[in-house]
Structures are given as structure tokens and as C-alpha cells.
Amino acid sequence: MSDPKAAFAQALTRLRERVPDVSDEAVARRASAVLLPSGRRVAVNARRLGEWIGGQSVPRDFDAVLAVGLATGGVTRVDALRALWRAAHQERRATPKSGRVVVGRPPSDAAALRDRTGPSDAIDAALRDDDVRQVLLTGPGGVGKSQLAAAAFHRASADVLVWVGAGTRQSVLTGYARAWRVQVKADAGGDDEAQADLFLAWLRSTTTSWLVVLDDVDDPAELAGLWPAGDAGRCLITTRRRDASLLRPDARVIPVGMFDRDEATAYLSARLSVDPRHEPAELAALADALGRFPLALSQAAAFLIDSGVDVPGYLALLADRRQRVADLFPPSSPADEHGGTVAGAVRLALERAESLAPNAVDVLGLVSVLAPDGIPEAVLLDGGRNLPALRALHRLNLVTHHGRVEAHALVQRAARDLVPDLAAVAVAAADAIEREWATADPDTGAALHRNVEVLRSVAGEHLWDGGMHPVLRRVSRHLAGIGRAAASRDVAEELLARAVEPRDVLHLRTEAARAVGDLGDTATALARLGEIRAAAERDLGPTDVDTLWARMYQVRFRMESGLIETALAELTSLVANCGLPAAHPLRVDAEDDRTLCLGLAGDFAGARDAAIALVTVLREELGPRHARTLRVMLNVGRWVGETGDVRGAVAVFREAAEGLAAVAGHGHHDTFIARHNLAYWRAVAGDLDQAIAEFEAGTAEAETALGAGHPTTLTYRSNTAFWRGVAGDPEAVGDLAALRRVVEAVFGPDHPRVLRIRQQRADLLHRAGRREEAVAELNEVLAEMSRVQGANHPRTREAADLLAGWESPP
């Protein structure tokens, strides 16, 4: 064949075709892992492999060709293949492309270069688009923007290719001047600025295709008058910035972020193939711990090779908050073709942000101790005073600000290393969260809780100076409010282990006791709350709000234990004498529980009227779409139904469910309760098919949102099975028996939910005609209910009434 390059490409294609079902990426990995006869390994990149097979380039080293041959099944005629490679290599060196001008030097390929198909395809599509003149690769320092640009540069078919380092105005002028001199093939007169002007003018007027890459634009303002323009070409820009001056109508913005999980793990696997100590599972864990940050992965791999530290040891260093980012990613183990370090990249970007807004350092300090995956902007804005700083951080890709604020965890950690007084920053962040949480809607409250949890993990020790910071008081109560009683108990006990101030201790003891009661251990909760209330009345006074919370929870669990009349009297007294505003959360809870007591005592009409009166007050005080207003509507629906207006109950629960879904979110705990009760009253009204469909949908969604073992999920499952049984499904009795075992494993055999499931199963047995079995089962359940809950408990009385109806003569 007359074309040595084509002959070599055909030979390589034949080797590649021996494994047609294997991707180029996999072939490259295999080739990189091959031990050659010489005893060495060579790194083979999938993109380069594709270029070799396509005849676009020839490898510099024959060992790379041999590695590909061995990875695809072996090479029988090594000398012949070497001869083809040598001829192609010599032809490549001797016959450069006619008429093509290449100026500048892109970075070399990283040691374990990744093919990033998504961004690469987006770049190629943008460069082909007739409406696009600039392609902007923007992202944090160290995510691989220059590598993507270099790959596009090598793929480009333009006749004039110019690579310019764009860190300063002078470097751009120098690059343009050099391009002009190469283009005119003479040492043209004039200084760099004059020659740069000539080059820019040529770009505007020429019909010769061109591509200019401006790599690492540091300050767009410095390049005023230097942006390449012309119908024959395109400009590709890499930058940390996303300023308005770059976001032009004819520019295509391509954000470049972190590797995905597969890319990050594959990078580490290829980069560390020279070190066989590392297990694949360990590399995946390391990739996740580094947030799949390309620069961090590169530096970490170099550090592991240079230091001899293994992955578990390095993960331990990462987990140690005393370790500085500069020590975890030292300059002595540099990244592939990147002049900076993780710490240096953050420091440089922060210096640029500070030039745009003097308090950018302070705002990034707040960001550094909060949740990387979403900070409500109000926490950072301080009434709008910090907006310029926040936007400066966004422009430098240190954060992403779109309503909420996000930041990479390693950027946050590097920023914490720059904070001179972490205690002051932690308290300022806690103060800001406390300020916003006081009026937050449920969705924002959930985000604030997440931020408090991160703040506790990175700087929690600073929130105890002079007592527990007020924001920590919200954590346990928030978890209880969304139905996570076990988590509420655990965090209260965790904080209690550190609390010293009497008020803090009493508050946390109260929250822990309440959670114990919510988990079904009413007797223990009552015993603890009795002690707590006595101590609170002694130390804080009987009308102190913390005392009142302990008192209210004590009354609630008296009601739960069946002491309905006692609880009703105490709640009536508490509401009358608490001295709290009508919409205060404690007073609303007390009024709501009082309404429940009225109904459980048999005064259904009184309960309905009291619930309607409370909703009326809350609509005036908080508004009809406030979550607290909608939550109280659940009691309205219940007692409307119990007074005989079943269709009215369905209407109330439909309104409450739709309102809570809009205000609190479709997956909020209160929304699930409203939807459950709506399905229940539909079933009572006789709409069994629709009710069962709603129960089944709610069960699946609750399991996803709350977890399979969450009490609300289990309640959905039991009622789904029960109403399917009422509708005639013979499998329902067995489903309830299986569910009983699940609930017993989670909560224990005496838990009220277990007893309720046993009652439902007995009911279905009776409906199926298995009367003796049903009566025996319900008698056992009734005895257990009386022992565990008390004979006067509403559920106990309900079971007793059901049994009496079965035993009465027809």
C-alpha cells in the first residue's frame, strides 16, 4: 500500500476487530495493564486509540501498539507490525499537513486521560453550529477544562489552529503576535500589540477556517478588544469565570463539572495500575470521598504513588478534620499537566472574588461550614448585604447560586483552612440559620436541618460556648415533626451528653422522653416526663415555655394511655393559663390535642366544632395555606366523619392533602398522613377501588420517602391489606400475618401497631366466616391491649366493642 499511515491503521483495525463487543475504553484499560516482554507497562488512552485506528495519528512508541495487540489476543508477527508502525511514524514526521498552521502548545494528555463523551460531544456540536461564535467551557479550577479543550483542538479540522494561554492580557497579545508572524511566514515588524491587532483583523476578514483557544481566562475585563471574531472561525474559551461579559447571545456555555462515579473510579484504576496494592472497591470509595474532583483525584493518585500510603490510610487522613487540604494534596505530588493544587486553586479563585467584593472571604467562610448540596440563600444574604459577595463567588465558580447555594465539599474544606477564626464563623452560620428557621416553610425547614447537621459535623464544638446554641434546640423537634421519632430520640440523647446548662438539659430530656413515647413506650415516657416537669417547675417556674412543653407532652401520653378525661381537664387548663399567642406552636398543639380528647371521650360534635374553631383562628393568624393550619384540618376531617358526614370528611381531607402537598411537599410526613386519612375515609364511604389504589400508591411513595420501617409506611401497608380484605381479597389475611412479623421485628411484639394489625386480621377472619378463629384472636388481642395500653384506651375500647358485636345474638 502506497500510504504507510493507512497501512498501519488497517493493521491496527484488524487487531481491534478481534474484540468487537468491547469498548475502546475497555481495550485501552486492558492494554495499559499488560506487562510487556520488556517488563514495562505503557498507558494507552481510548481517545488516542481511536485516532490511531482512524489514521488521524500514529503513536510515538511501538510499545503502545504492542500493548494493544497483546490486549486483543496477541501478536504473531511482531516484526511485521513494527515495520508498518516505523514506516507510518516516519511518514508522519516527514510530511506535515500541507497548508495547515498550528500555533501554540496545548497541555499534554493526563497520565490517565478520560474520554468525557458528554462534554466532548457538546463542544463538537457547538463548534459546528452556525449560530455559535464562542464556546465557553466554564467550571472550577481543576475539573479538566483545558484537557477537554486540548482534545477538541486536536480533533479540529480548521486550517489555522491557535492555542493561547490567556491568564493575562500580555500573554494573549504575545500569543496573537506569534500567530500573526507564523501566518504571514515572516518576522513582521511592529510590537506584540500591533501584530496582535493585525492578527485579529485577519481573523475578521479571512475565509480560511480557524480555531482560537483562549485557555484559562482569568479576568475577562483584561481582554477587552482582544476577543477573536470572524465568520470563518470559532473561539474556544476555558475559564473559571461566568461573568456577564462572557455570556453573549452568540456564545455556547458548556459547564464542566466533576467526573461521574464511573469516570472517577476508572481514572484512579488506570492511574494507579502501576501500583497493584489497591482494590477496586477501595478506589470507588476514594473517588466518592474526594467528590470525584478531577484535580483532587490526580493529586491523590500521585500522593499514593509517591508516599506509599494505601487507600484505607489515605481515607483515614481525609476523615481527620485536623488535616489541612494543602497537606492532603501537596505540591510535591503534582497533578497531571496542572500547575496548581486543590488548595491553590481555591485560594487563587478566592483572591479574584475578593477583588470583586471585599467580603467574599467572609461569605465563603459561612458556605464552608454548611451543606454542600444546598444552602438557602437567605442564610447567606444577611438581608441582601452579602449579595455582591455571593455573586462574586458564583462568577468564580467557587459556589453555584441559583436560589439555593451549592459548593463542592473539597472547596469548602480548603476554604475552612483559610478561616482565621472558625468558632466565629460557626456561630455566625448558626445565628443565620436560627433567624431563618423561625419563619421557614417545611421545605426550607428541611434544608435548614440538613445545614445544621453539616455544621455540627464540621464545627459543632463551637456551638456550646455559654450554653447550647438555640439552633440546636430545633433539631430533635424538627425530626419528631416529620415522623422520625427514633432519630429525634437519638439526636436529643447525643446533645444531652454534652449539655451542662439546666435549661438545655431539661429541654433535651423532654425531647428524648417525647420521642420514646412516640415510639410506643408510653409508660416510660410518662415516668420520665413526670420527673422532668417537676424539675422544670422547680428550676424554671410553672409558666416557663420549656416547663409548658414538658407538661403538654405528659398530658398527651396520659391521653395515649387511655386517661382521656384527665387529659381533657389538664389540656383545658393548659390552654386557658399558658398565656401564649393563639398561633404559638405549643398552644396550637395543646388545642389540637384537646380536640382529640373531646372526640375520644365520645363528644364527636364538640370535637368537630372545636377543631373548626381552631382552624378559623389559624386561618386569620397564619393564613389558610400555612402548614400548621392545614395540619389542624386533619382533626376537622376526622370528627366531621365521626359525626356521620363521611362525604364531608372526604372533602376536608382532600383539601388538606392538596394544601399540604403544595405547601410542605408531596413527600412530607404530614402530607402522607393527610393522604392516608383521605384514602381511609374514601373506604369508609364505600369507594373501595379508589381507596385501595390510593393506599397502594401511598405505600410505595412512603417507602421511598420515609423508609420501609417508618411507622407511617407500616400503617399504609396494614390498611392497604385490611381494605383489600374487606373488598374480598383472600390473600389479605396472610399479608397481615406477614406484616405482623415485620412490625414485631422493628418495634417488638407489644407495640400498639402490632396489636392494631392483629385486630385487623381478626376482623378479616370474621368477615371470611372463620368466626371461632376470629373470636379467639381478638380475645387475645384485647387482653394484650388492656395490659399494654389500658382498658380505657380508645383502641382497647374499639376492640372490645368489635368483640361484643360478634358475641351478641343476631
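Just so it is clear, the values below take in all heavy atoms, side chains as well, and ignore hydrogens, waters and symmetry mates. What you see is a predicted model; the values in this text were computed from it and never measured.
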I need the single residue from His394, Arg242, Glu406 that forms a side chain to side chain donor-acceptor pair (under 3.5 Å) with Thr400. Which is it? Arg242
Okay, side chain of Asn397, backbone of Arg240: is any donor-acceptor separation there less than 3.5 Å? yes
Would you compute the distance between atom OG1 of Thr239 and atom CG of Leu223 and round it to the nearest 0.5 angstrom? 9.0 Å
Considering all heavy atoms, the nearest Leu137-Lys145 contact: O-CD, 3.6 Å
Any salt bridge linking Asp373 with Arg450? Criterion: basic side-chain nitrogen under 4.0 Å from a carboxylate oxygen. yes
Under 3.5 Å: donor-acceptor pair, side chain of Arg155, backbone of Asp124: no
Gln412 and Ala371: which non-hydrogen atoms are nearest, and at how many Å? NE2-C, 4.0 Å
May I ask you to check whether over 12 heavy atoms, not counting those of Arg77, lie within 6.0 Å of atom CZ? no
Which heavy atom in Thr13 sits nearest to a heavy atom in Ile53, and how many Å separate them? OG1-CG2, 3.2 Å
Mind checking the CZ-CG spacing from Phe293 to Leu410? Nearest 0.5 Å is all I need. 7.0 Å
Does Arg204, at its CZ atom, have more than 12 non-hydrogen atoms belonging to other residues, nucleotides or ligands within less than 6.0 Å? no
Would you check if there is a donor-acceptor pair between the side chains of Gln170 and Thr174 at a distance under 3.5 Å? yes
Salt-bridge test for Asp218 and Arg352: reply yes if a basic N is under 4.0 Å from a carboxylate O, no otherwise. yes
CG on Leu328 to OG1 on Thr341, rounded to 0.5 Å: 11.5 Å
Under 3.5 Å, is there a donor-acceptor pair between the side chain of Thr238 and the main chain of Asp216? yes
Between Arg40 and Asp61, does a salt bridge (charged side-chain N to carboxylate O under 4.0 Å, His left out) hold up when you go through it step by step? CA-CA 13 Å; Arg40 65 184 290 243; Asp61 187 346; 3.1 Å; yes
Under 3.5 Å, is there a donor-acceptor pair between the side chain of Thr138 and the main chain of Arg241? yes
Taking it one step at a time, do Thr72 and Arg14 satisfy side-chain hydrogen bond (donor to acceptor under 3.5 Å, both in side chains)? CA-CA 10 Å; Thr72 55; Arg14 287 192 291 273; over 6 Å; no
Is the backbone N or O of Ala33 less than 3.5 Å from a side-chain atom of Arg41, with the two atoms forming a donor-acceptor pair by type? yes
Ignoring hydrogens and angles, tell me if any N or O in the side chain of Thr206 forms a donor-acceptor pair with the backbone of Trp202 under 3.5 Å. no
For Ser298 and Leu295, indicate whether the former's side chain and the latter's backbone hold a donor-acceptor pair under 3.5 Å. no
Backbone N/O of Arg181 and side chain of Gln195: donor-acceptor pair under 3.5 Å: no
Say whether, by atom type as modelled, one donor and one acceptor occur between the side chain of Arg133 and the main chain of Asp250 under 3.5 angstrom. no
Which pair of heavy atoms, one from Ala326 and one from Asp417, lies closest together, and at what distance? N-OD2, 4.4 Å
side-chain hydrogen bond (donor to acceptor under 3.5 Å, both in side chains) between Gln134 and Arg234: does it pass, once the steps are laid out? CA-CA 6 Å; Gln134 287 187 359; Arg234 301 290 185 272; over 6 Å; no
Any chance you could lay out the ring pair (Phe, Tyr, Trp, His ring centres under 6.0 Å) test for Phe303 and Phe329, step after step, and finish with the verdict? CA-CA 7 Å; Phe303 182 80; Phe329 308 99; 8.3 Å; no
Heavy-atom closest pair (Val44 atom, Ala31 atom, distance to 0.1 Å) is CG2-CB, 3.8 Å
Rounded to the nearest 0.5 angstrom, the CG-CH2 distance for Asp215 and Trp163 is 4.5 Å
Check the angle between the aromatic planes of Phe259 and Tyr267 and answer parallel, tilted or perpendicular using the 30° and 60° thresholds. tilted
Between Arg292 and Asp288, does at least one N-O distance fall below 4.0 Å, as a salt bridge requires? yes
Side-chain donor or acceptor of Arg413 paired with backbone N/O of His408 under 3.5 Å: no
